Amino acid sequence: SVRGVLAGKATGSGLTGSTPAMRHVHRLIERVANKGTTVLLLGESGVGKEVAARDIHRRSGRQGDFVVVDCGALRDEALPRGTSNSCLSS
């Protein structure tokens, strides 16, 4: 449903496409969702990082809400040592 998608509770992946590249992305999501590790998604604005992150969270079985953080709105002092706003918001 539209409400489910907007609430991040859709049952299917929000990523679409059946090209070899997208099939690879779907396989990677499935693979990392089964690991108990942190995942860092990098890419240009509008490429679907948040959609992929929601899909990973949903498939992981982790408890709790999915939280979106706009790294571009954070001050450098709030970021872990060794990182910068420019590398996290890209």
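The figures here come from the full heavy-atom set of this structure, side chains too, leaving out hydrogens, waters and symmetry mates. The structure presented is a predicted model; accordingly, all values stated were derived computationally and were not measured.
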For this session: Hey, could you give me the NE2/CE distance between His26 and Met22, rounded to the nearest 0.5 Å?
Result: 4.0 Å

Seminar exercise, completed: Under a side-chain separation threshold of 4.5 Å, the hydrophobic residues clustered together with Phe66 are Val68

Problem set entry | Distance (rounded to the nearest 0.5 Å) between Ile29 CD1 and Ser60 OG | 12.0 Å

Exercise. Quick one: do Leu41 and Val47 end up in the same hydrophobic cluster if we chain Ile, Leu, Val, Met, Phe, Trp and Tyr together by side-chain heavy atoms under 4.5 Å apart?
Worked result: no

Seminar exercise, completed: When every non-hydrogen atom of Leu15 is compared with those of Gly48, the smallest separation belongs to CD2-O, 4.3 Å

Exercise. Under 4.5 Å between side-chain heavy atoms, hopping through other hydrophobics if needed: is there a path connecting Val51 to Val39?
Worked result: yes

Exercise. Does Glu44 offer a backbone N or O that forms a donor-acceptor pair with the side chain of Lys49 under 3.5 Å?
Worked result: yes

Seminar exercise, completed: With sequence neighbours left out, the residues meeting side-chain contact (heavy atoms from CB on, under 4.5 Å) with Thr38 are none

Problem set entry | His57 side-chain N/O to Gly64 backbone N/O, donor-acceptor pair under 3.5 Å | yes

Can you give me every donor-acceptor pair (side chain of residues 30-37, partner residue at least two apart or in another chain, under 3.5 Å) with its distance?
unit_1	atom_1	unit_2	atom_2	d
Glu30	OE1	Arg59	NH1	2.2
Asn34	ND2	Glu30	O	3.0

